[in-house]
Every structure is written in C-alpha cells, then in structure tokens.
There are 2 protein chains.
Amino acid sequence: MEFNEAKNKFIQTWGALGSQWGINKTMAQIHALLMVSPEAVSMEDIMESLQISRGNASMNLRALMDWGIVYKEYKSGERREFFTAEKDLDELAVKIARERSKREIKPALKVLKEVSMIEADTSLEEKHFVAQTSKLYDFVLRADNMLDKATEMNDNWLGRLFLKIMK
Amino acid sequence: MEFNEAKNKFIQTWGALGSQWGINKTMAQIHALLMVSPEAVSMEDIMESLQISRGNASMNLRALMDWGIVYKEYKSGERREFFTAEKDLDELAVKIARERSKREIKPALKVLKEVSMIEADTSLEEKHFVAQTSKLYDFVLRADNMLDKATEMNDNWLGRLFLKIMK
DNA sequence: TTAAACTTTCAAAAATAAATGAAAGATATT
DNA sequence: AATATCTTTCATTTATTTTTGAAAGTTTAA
C-alpha cells in the first residue's frame with residue numbers, strides 16, 4: 001500500500017469509528033489527520049485535505065479543543081493559527097473518558113438515582129422497578145469508576161501487573 | 001416522584017444514553033422498558049407504551065435479539081410472542097462489549113494493522129505515520145483486550161480485589 | 001484608523017438515520 | 001383449504017444531524 005492511500009484509509013476508518021461511538025465523523029477525521037501529522041497544520045490545509053468547508057473545520061476544531069485533545073499553536077511571524085493533536089495515547093484516553101463521563105454518564109447516573117428512590121407500593125411492578133434501577137445505578141457507577149481508574153493506571157505498576165495476570 | 005413518571009424518565013434517559021453511544025434510541029428504549037418489566041411484554045404493548053409503529057418495534061426487537069440481550073418467549077395458549085430482556089447486568093455488559101468489539105473494534109484494528117505496515121520512505125511524514133499508527137494499533141488492541149477481561153471479571157475474586165485496591 | 005488576513009457564527013441546505021404503514025409472509029385454528 | 005391472528009419487510013416519509021457559505025467578528029500591522 002502506498003503512503004497516501006494508507007493515510008486516507010486511516011483517516012476514513014478513524015472517522016467511521018468515531019461516528020459509531022457518538023463523536024461526529026469530521027471531528028474524528030480532523031483528529032486523525034492531526035495525529036499523523038508530524039507538524040502543526042493550518043485550518044486551510046485541514047479544509048483542503050478533508051475537503052470540508054471553513055465553517056465545518058472551525059466548529060469541529062473548537063469542539064476538539066473543548067475536549068482538550070487538540071491544541072492551537074502560534075508560529076512566530078505567522079498570522080494563521082496551527083493545530084496539533086494530543087499524541088500521547090494514554091493522555092488522549094484519559095481526556096476522552098473524563099469528558100464523556102462528565103457529559104453523558106454523570107447525568108444519567110443522577111437520573112438513575114432519582115428514579116430508583118421512588119416509594120414503591122406493594123405491586124410487583126413497582127418493586128421490580130426499584131430493584132432493577134437500583135442495581136443499574138450501582139452497576140453504572142462501578143463501570144464509571146473503573147473507566148476513571150483504568151485510564152489512570154497506565155504508568156502504574158499495579159495496573160500493569162493486573163493486565164499481565166489477566167492476559 | 002410518582003411511579004409512571006419515574007418509569008418514563010428512566011426509559012427516556014436510557015434511550016438518550018444509547019443514542020450517544022451508537023445504539024439507536026428506540027432500541028435502547030425498548031430494552032429499558034423490558035428491563036423494568038417483571039413480566040414478558042407483547043409487541044402490541046411495546047408499541048403502545050413507547051408510541052411507535054409496528055415496523056419499528058419489529059425491527060428493533062430483531063436487532064436486540066441479534067445482540068443477544070432480548071429473548072422471545074412463547075406462552076402456552078397464546079399465539080402472540082412475548083419479549084424479555086437480559087436482566088443480569090454483568091451478562092448484559094459482556095454481550096454488549098463482545099458485540100461492539102466484533103462489529104466495530106476488530107475491523108478497525110485490521111485497518112490499523114494494515115496501514116501501519118506500509119514501507120515508509122525516509123521522509124519525516126511517513127516515518128511519523130508508521131510510528132503513530134503502530135502505537136495506536138497496540139493501544140486499541142490493549143483496550144479491546146481489557147474490555148473483554150473486565151467484563152469477565154465480575155465474579156472473579158482477583159477482579160474484585162483489583163477494584164478494591166484501585167478505589 | 002484603516003485595511004488586510006484570518007476565524008467564527010448561524011440560518012439555510014444537504015446528507016444521513018430512523019420511523020411509518022401497507023402489503024406480503026408466517027403460523028395456527030376451524 | 002380457507003380464515004384469522006400475528007410478524008416481517010421495505011419503499012416512502014419524517015426527523016435528526018451535519019455541512020455549507022456568506023456575513024459578522026477579530027486581530028495584526030502599516
């Protein structure tokens with residue numbers, strides 16, 4: 001496979017993966033492009049590479065910066081802004097996990113807690129509802145914590161040990 | 001909060017969470033409804049509860065059964081089909097993880113491997129591309145394995161120990 | 001202060017994904 | 001074998017999400 005073909009394939013694949021996980025395609029593609037660029041890239045070049053409009057590029061770059069996984073860079077003597085991606089994958093995973101937890105899981109947990117705390121009457125239906133949503137609350141809470149911990153454990157000997165044992 | 005309000009809120013929230021994670025809203029809502037129903041539910045009742053069409057109900061139930069997290073049930077003397085959800089959350093998590101890994105992560109891994117194996121010339125750009133996609137391949141592979149292992153470790157003493165220590 | 005170079009915003013358009021519902025397909029019952 | 005009950009399919013419609021691009025907004029420099 002030739003380099004440009006490979007690069008393109010990578011960007012497309014990363015974009016598709018993103019959209020399956022609730023991140024929009026262009027956002028993931030921009031991120032992919034930046035990840036494999038050794039140098040910071042201008043907005044103009046991003047638009048050109050991905051064949052997207054100025055507005056689209058601008059909005060998605062902003063979103064990526066909000067997530068903390070893309071940085072603006074200023075080059076002296078240049079008026080334009082350049083962009084680079086977080087390239088440390090452990091750091092990337094931590095930031096994505098934190099962001100999604102904050103935006104999606106935490107609010108869902110709040111609702112789960114609320115609805116699991118209603119006063120159930122004696123009916124089977126209501127008792128079952130409370131039992132099931134309570135379990136779900138515990139479960140999601142546990143998963144959320146694990147996500148946090150797992151992302152932190154990359155440079156942690158106990159984590160590595162755990163991985164070794166579990167493999 | 002009153003029971004019906006709580007039930008509705010739960011279904012809506014679970015649906016929204018689903019769509020943020022690449023599972024369509026109705027599919028997640030049907031699953032939510034079945035999770036909190038102590039008894040198996042007919043298609044008619046699902047349509048009525050969620051205010052959706054017959055076709056929609058049918059297709060999403062099929063998808064849920066393909067994922068292995070909803071089961072058909074036949075009641076003797078009844079012509080209609082009834083549906084129940086997998087209620088064991090550990091089992092549920094395992095099945096979802098397996099399915100998404102199979103459908104999305106494995107194919108992405110294949111591409112990552114491919115593109116990271118191109119012959120890079122001496123240019124910085126190509127060398128960086130190979131280095132970065134190789135790292136990504138290792139990382140995603142590791143994460144995918146961890147997902148597998150994590151879902152299996154619920155009734156596993158070592159896993160529990162790990163959780164305890166890491167908390 | 002003005003102009004040039006660049007970025008952001010957002011209403012409208014386009015693309016994509018999901019839902020509908022009527023017809024076709026099953027399956028059981030008489 | 002005809003009928004009744006229920007489910008699935010899929011072309012069309014509807015809803016949602018994403019993208020565009022032109023106008024407004026910024027920043028820098030002369």
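Naming convention: chains lettered A, B, ... in sequence-line order (proteins, then strands); numbering from 1 in each chain.
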Please report, rounded to the nearest Å, how far the [atom2] atom of [N] is from the [atom1] atom of [X].
| X | N | atom1 | atom2 | answer |
| --- | --- | --- | --- | --- |
| Leu61(B) | dT7(D) | CG | P | 10 Å |
| Met47(A) | dT7(C) | CE | P | 9 Å |
| Gln51(A) | dT18(D) | CD | C1' | 17 Å |
| Asn24(A) | dT16(C) | CG | C1' | 12 Å |
| Ile52(A) | dT20(D) | CD1 | P | 7 Å |
| Asp66(A) | dT8(C) | CG | P | 11 Å |
| Glu81(B) | dT5(D) | CD | P | 16 Å |
| Phe82(A) | dT7(C) | CZ | P | 9 Å |

Tell me which nucleotide among dT8(C), dT18(D), dT20(C) gets nearest to the side chain of Ser53(B).
-> dT20(C)
Of all the nucleotides listed (dT19(D), dT8(C), dT7(D)), which has the minimum atom distance to the side chain of Met43(B)?
-> dT7(D)
Could you tell me whether Asn56(A) contacts a base, only the sugar-phosphate backbone, or nothing, with contacts defined as non-hydrogen atoms closer than 4.0 Å?
->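 Base, at least one base heavy atom under 4.0 Å.
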Looking across every strand, which nucleic acid part, if any, lies under 4.0 Å from Arg80(B) by heavy atom: base, sugar-phosphate, or nothing?
->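 Sugar-phosphate, backbone atoms only, no base.
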On DNA chain C, nearest-nucleotide positions of Met59(A) versus Phe83(A): which is more 5'?
-> Phe83(A)
5′-ward residue of the pair Lys25(A)/Glu44(A) relative to DNA chain C =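 Of the two residues, Glu44(A) wins.
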Cationic N near anionic O, under 4.0 Å, Lys95(A) to Asp88(A) | no
Residues Glu44(B), Arg80(B): salt bridge by 4.0 Å N-O rule =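 So Glu44(B) does not pair with Arg80(B) through a salt bridge.
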OP1 or OP2 of dC6(D) under 4.0 Å from side-chain N/O of Lys75(B) = no
May I ask you to evaluate whether Thr26(A) reaches the phosphate of dT18(D), defined as a side-chain N or O under 4.0 Å from OP1 or OP2?
-> no
With Glu81(B), which of Lys72(B), Arg62(B), Lys75(B) fulfils salt bridge (charged side-chain N to carboxylate O under 4.0 Å, His left out)?
->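 The salt bridge (charged side-chain N to carboxylate O under 4.0 Å, His left out) with Glu81(B) is passed solely by Lys72(B) among Lys72(B), Arg62(B), Lys75(B).
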Taking the inter-plane angle between the rings of Trp14(A) and His31(A) on a 0 to 90° scale, is it parallel (under 30°), tilted (30 to 60°) or perpendicular (over 60°)?
-> parallel
Would you say the side chains of Thr122(A) and Lys127(A) form a donor-acceptor pair under 3.5 Å?
->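 No.
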Side chain of Arg79(A), base of dA4(C): donor and acceptor closer than 3.5 Å?
-> yes
